[in-house]
Amino acid sequence: MKALDTARFQSIREIHDAFDRGEFLPSELTRAYLQAAQAGTLNAFITFTEENAMRAAVAADQVLKAEKKVPRAILPLFGIPLGLKDNLVTEGVRTTCASRMLENYHPPYSATVVKRLENAGAFSLGKLNMDEFAMGGSNENSAFGAVQHPTHPDRVPGGSSGGSAAAVRAGQCVASLGSDTGGSIRLPASYCGVVGLKPTYGRVSRFGLIAFASSLDQIGPLGRSVEDCAVLMDVMAGHDPLDSTSLMIEKPSCVDACRRAPDWAGLRVGIPEEFFSAQLSPGVETRVREALKWFEAQGAKLVPVTLPNSRHAVAVYYLVAVSEASSNLARFDGVRYGNRSAEAAQASKLKDFYEHARAAFGPEVKRRLILGTFALSSGYQDAYYRKACQVRALVAHDFERAFQEVDLIAGPVAPTTAFRIGEKAGDPLTLYLNDLLTIPANLAGLPAMSVPCGDGEDGLPVGLQLMGPSLSEEMLFSVGAAYERGRRQT
Amino acid sequence: MAEISEALTRRVAELARLRLSQAEVTQFTGQLQQILSYVDQIQAVDVTDVEPLIYPNASREAADSSREPAFRADRVVEPRNAADGSPKVLEAAPEIHEGAFQVPQIV
């Protein structure tokens with residue numbers, strides 16, 4: 001049999017139809033993805049779990065042979081090989097967070113989302129590269145090396161879920177999980193030309209996500225189609241008693257929403273002037289405006305809105321996120337797990353012990369921990385952390401006001417397409433400013449999706465960002481899927 | 001605005017239990033100064049009577065006064081080794097001794 005070309009599959013549904021027709025077995029598909037991933041030069045994976053994956057795939061073969069058809073209703077992810085960002089803990093499988101701190105960490109349990117995906121028939125090919133502790137927007141801050149852009153090897157794939165986006169685009173896994181604290185799903189999805197969703201804060205359990213900034217972090221899917229992300233969302237969403245921030249609300253039906261056309265005539269799409277500033281590259285602006293024209297052509301009403309406080313979003317974020325990180329990462333002390341260097345093992349003072357153990361953090365993590373510790377330190381806390389939380393409330397109020405006038409807000413994900421590896425290295429502030437269009441949704445806890453809307457003048461993908469009110473995932477999926485269908489037809 | 005000196009960088013790094021080389025101190029001091037001068041824009045924002053937003057769903061949960069707190073059964077679900085019944089959490093430890101985490105003697 002000829003080797004399967006994994007890059008040809010555009011959706012889970014297409015794969016399931018091929019299983020039904022007996023074109024190939026789950027184990028053949030999985031072997032093909034493993035080969036593509038292991039032969040790949042993108043550095044998208046940190047750890048492969050080929051034995052676990054093949055064992056699960058062979059078990060799926062038996063089910064398919066017996067049932068003759070994919071048991072979609074009970075196993076919506078039957079036989080689907082996925083990739084997991086390496087900040088999601090996996091029982092017995094090394095979980096590094098792309099840090100030397102956790103280089104040999106084998107967690108004793110799995111994240112709730114991982115268990116839910118497995119219970120729906122999926123399995124993981126391995127753990128995906130990322131910025132260390134999810135701190136970065138280019139995937140250059142990994143202790144395991146930078147990830148390359150899947151079509152332009154001299155470019156970054158975006159971060160921090162860079163491996164998650166690059167692997168999906170390159171056909172190294174069908175879909176993947178990422179996490180989004182300030183844009184870490186949407187930015188790489190946009191740069192790599194795949195779909196990514198940051199769900200509403202509280203929609204998806206974070207039990208087993210290694211925490212970066214707890215009031216912002218949210219796990220979400222990346223896929224080759226809007227519907228693939230919907231399939232993953234329907235499986236992952238819902239209350240988890242092990243995560244006290246997960247909302248006690250009904251699960252959404254995102255797949256159904258994808259198949260339902262939006263009520264175009266009643267749809268009001270907000271266009272925030274702040275998202276179309278001079279910093280936008282002409283290619284990005286052209287593609288995004290074309291997408292907005294398409295919405296208008298379907299009958300939607302474009303409404304100018306204003307989010308005046310979003311101009312402070314980056315400043316607020318880099319105080320709030322680092323403050324929370326400085327607290328969350330205090331747990332890495334070399335006592336119960338993680339790095340304990342030879343020097344730490346020889347230490348005779350507790351402070352020396354901690355400092356030697358924590359020497360395993362990379363430079364960006366150290367920078368943010370110092371900034372966060374500063375923002376929370378006596379004498380500065382009110383001026384920095386507390387003030388940032390007040391301005392954060394104003395950013396959220398802007399959205400509340402806008403969503404009284406419109407159903408969703410649309411704009412670009414990022415001001416430019418993927419930049420060159422090394423181009424912004426050594427200048428943290430410039431890199432931070434790249435997140436200015438994704439951070440507002442995190443600060444307000446809102447759902448936001450990145451959908452490919454064509455290539456810029458440089459041939460690199462551009463992402464359209466759709467943001468909705470709290471818990472409006474179904475609406476985003478309906479509009480996103482309709483847009484994707486419309487674009488594929490033209 | 002706060003002036004970031006090398007001494008302040010050192011002091012904050014110490015609070016964070018990070019030991020920096022002199023090169024790192026120099027580099028971080030400049031970068032922190034640059035980042036702080038950017039984030040200082042929030043000082044000019046009028047936040048009179050604005051409640052800080054600490055957690056995105058706080059207002060939703062406060063509004064839902066009918067909601068009972070979520071309780072789960074007080075049940076130990078500690079993962080254990082199939083072979084000897086020992087807690088799996090110890091396997092990730094840098095050093096263990098007789099079923100406990102071991103650390104160097106520091107007093």
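Just so we're on the same page: letters track the sequence lines, and every chain starts at 1. All figures in this text were calculated on a predicted structure; none of them were measured in a lab.
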K.L.:
Looking at R358(A), is its backbone amide N or carbonyl O close enough to the side chain of R19(B) to form a donor-acceptor pair, meaning the two atoms are under 3.5 Å apart?
P.N.:
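No, because the side chain of R19(B) does not come within donor-acceptor range (under 3.5 Å) of the backbone of R358(A).
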K.L.:
Please determine whether the number of non-hydrogen atoms from other residues, nucleotides or ligands lying under 6.0 Å from atom CD of Q22(B) exceeds 12.
P.N.:
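Yes, enclosed.
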K.L.:
Let me confirm one number: the CG-CZ distance from N57(B) to R203(A), rounded to the nearest 0.5 Å.
P.N.:
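Spacing of CG (N57(B)) from CZ (R203(A)) equals 11.0 Å.
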K.L.:
To the nearest 0.5 Å, tell me how far R392(A) CZ sits from Y55(B) OH.
P.N.:
11.0 Å
K.L.:
Any chance you could lay out the side chain to side chain contact (heavy atoms under 4.5 Å, CB included) test for V391(A) and V50(B), step after step, and finish with the verdict?
P.N.:
CA-CA 8 Å; V391(A) 181; V50(B) 176; over 6 Å; no
K.L.:
I need the L36(B) CG to L319(A) CG distance, nearest 0.5 Å.
P.N.:
7.5 Å
K.L.:
Counting only heavy atoms not in D74(B), do more than 12 fall under 6.0 Å of its CG?
P.N.:
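No - once you tally the heavy atoms of other residues, nucleotides and ligands closer than 6.0 Å, there are 12 at most.
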K.L.:
Side chain from CB out, backbone as N, CA, C, O: work out which of these in E51(B) comes under 4.5 Å of a heavy atom of chain A, or both, or neither.
P.N.:
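Only the backbone of E51(B) comes within 4.5 Å of chain A.
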K.L.:
Shortest non-hydrogen contact from P94(B) to G334(A)?
P.N.:
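Minimum heavy-atom separation between P94(B) and G334(A): CG-O, 3.6 Å.
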K.L.:
Measuring from atom CZ of R336(A) to atom CD1 of I96(B), what distance do you get when rounded to the nearest 0.5 angstrom?
P.N.:
15.0 Å
K.L.:
Is it the backbone or the side chain of L433(A) that comes under 4.5 Å from a heavy atom of chain B, or both, or neither?
P.N.:
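Just the side chain, heavy atoms under 4.5 Å.
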K.L.:
Which atom names give the shortest non-hydrogen contact between V103(B) and R340(A), and what distance separates them?
P.N.:
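In this case the closest contact between V103(B) and R340(A) is CG1-NH2, 3.7 Å.
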K.L.:
Should I54(B) and C389(A) be marked as a side chain to side chain contact (heavy atoms under 4.5 Å, CB included) after you check the CA-CA gap, both sets of side-chain angles, and the distance that decides it?
P.N.:
CA-CA 6 Å; I54(B) 310 287; C389(A) 290; 4.0 Å; yes
K.L.:
What distance do T373(A) atom OG1 and L18(B) atom CG have between them, rounded to the nearest 0.5 Å?
P.N.:
7.0 Å
K.L.:
Relative to chain B, which segment of F353(A) carries a heavy atom at a distance below 4.5 Å: side chain, backbone, both, or neither?
P.N.:
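Answer is side chain: those atoms of F353(A) sit under 4.5 Å from chain B.
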K.L.:
Check whether any side-chain heavy atom of P56(B) lies under 4.5 Å from a side-chain heavy atom of S215(A), and answer yes or no.
P.N.:
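Touching, per the 4.5 Å side-chain cut-off.
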K.L.:
May I ask you to check whether H312(A) and Q41(B) show a side-chain donor-acceptor distance below 3.5 Å?
P.N.:
yes
K.L.:
Who among V89(B), T9(B), L53(B) has the most heavy-atom pairs with chain A under 4.5 Å?
P.N.:
L53(B)
K.L.:
With a 4.5 angstrom heavy-atom cut-off, is it the side chain or the backbone of I370(A) that approaches chain B, or both, or neither?
P.N.:
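I370(A) touches chain B through backbone and side-chain heavy atoms alike.
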K.L.:
Under a 4.5 Å heavy-atom cutoff, which of V314(A), D427(A), V316(A), L369(A) has the most pairs with chain B?
P.N.:
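Result: the option with the highest number of such pairs is V314(A).
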K.L.:
Flag yes if more than 12 heavy atoms outside E78(B) fall under 6.0 Å of its CD atom; otherwise flag no.
P.N.:
yes
K.L.:
Shorter than 4.5 Å, heavy atoms on both sides: which option in A330(A), A396(A), G445(A), A393(A) has the most such pairs with chain B?
P.N.:
A393(A)
K.L.:
Y109(A) vs V77(B), test: side chain to side chain contact (heavy atoms under 4.5 Å, CB included). Steps then yes/no.
P.N.:
CA-CA 10 Å; Y109(A) 69 104; V77(B) 284; over 6 Å; no
K.L.:
Atom CZ of R367(A) and atom CD of E24(B): how far apart are they, to the nearest 0.5 Å?
P.N.:
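So the CZ of R367(A) and the CD of E24(B) are separated by 9.5 Å.
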K.L.:
At a heavy-atom separation under 4.5 Å, does Y201(A) approach chain B through its side chain, its backbone, both, or neither?
P.N.:
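It is both, since atoms from each part get that close.
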K.L.:
Do any N or O atoms from the side chain of Q43(B) and from the backbone of A383(A) form a donor-acceptor pair under 3.5 angstrom?
P.N.:
yes
K.L.:
Under 4.5 Å from any heavy atom of chain B, what part of T200(A) do you find: side chain, backbone, both or neither?
P.N.:
neither
K.L.:
Quick one: do F374(A) and I4(B) satisfy side chain to side chain contact (heavy atoms under 4.5 Å, CB included)? Show the steps, please.
P.N.:
CA-CA 10 Å; F374(A) 170 77; I4(B) 306 293; 4.1 Å; yes
K.L.:
Does Y38(B) have its ring centroid less than 6.0 Å away from the ring centroid of Y432(A)?
P.N.:
no
K.L.:
Which answer fits A359(A), side chain, backbone, both or neither, if we ask what part of it has an atom under 4.5 Å from a heavy atom of chain B?
P.N.:
neither
K.L.:
Can you name the closest pair of heavy atoms from A345(A) and P104(B) and give their distance?
P.N.:
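Minimum heavy-atom contact is O-CG, 3.5 Å.
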K.L.:
Any side-chain to backbone donor/acceptor pair from K88(B) onto E91(A)? Under 3.5 Å, distance only.
P.N.:
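Flag not set: sc K88(B) to bb E91(A) has no pair under 3.5 Å.
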K.L.:
Does any heavy atom of chain B fall under 4.5 Å from the side chain of K349(A), the backbone, both, or neither of them?
P.N.:
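Contact with chain B involves the backbone of K349(A) alone.
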K.L.:
Can you tell me which portion of A375(A) sits under 4.5 Å from chain B's heavy atoms? Options are side chain, backbone, both or neither.
P.N.:
neither
K.L.:
Is there a donor-acceptor pair closer than 3.5 Å between any side-chain N or O of K351(A) and the backbone N or O of R17(B)?
P.N.:
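Pair absent, no side-chain N/O of K351(A) close to backbone of R17(B).
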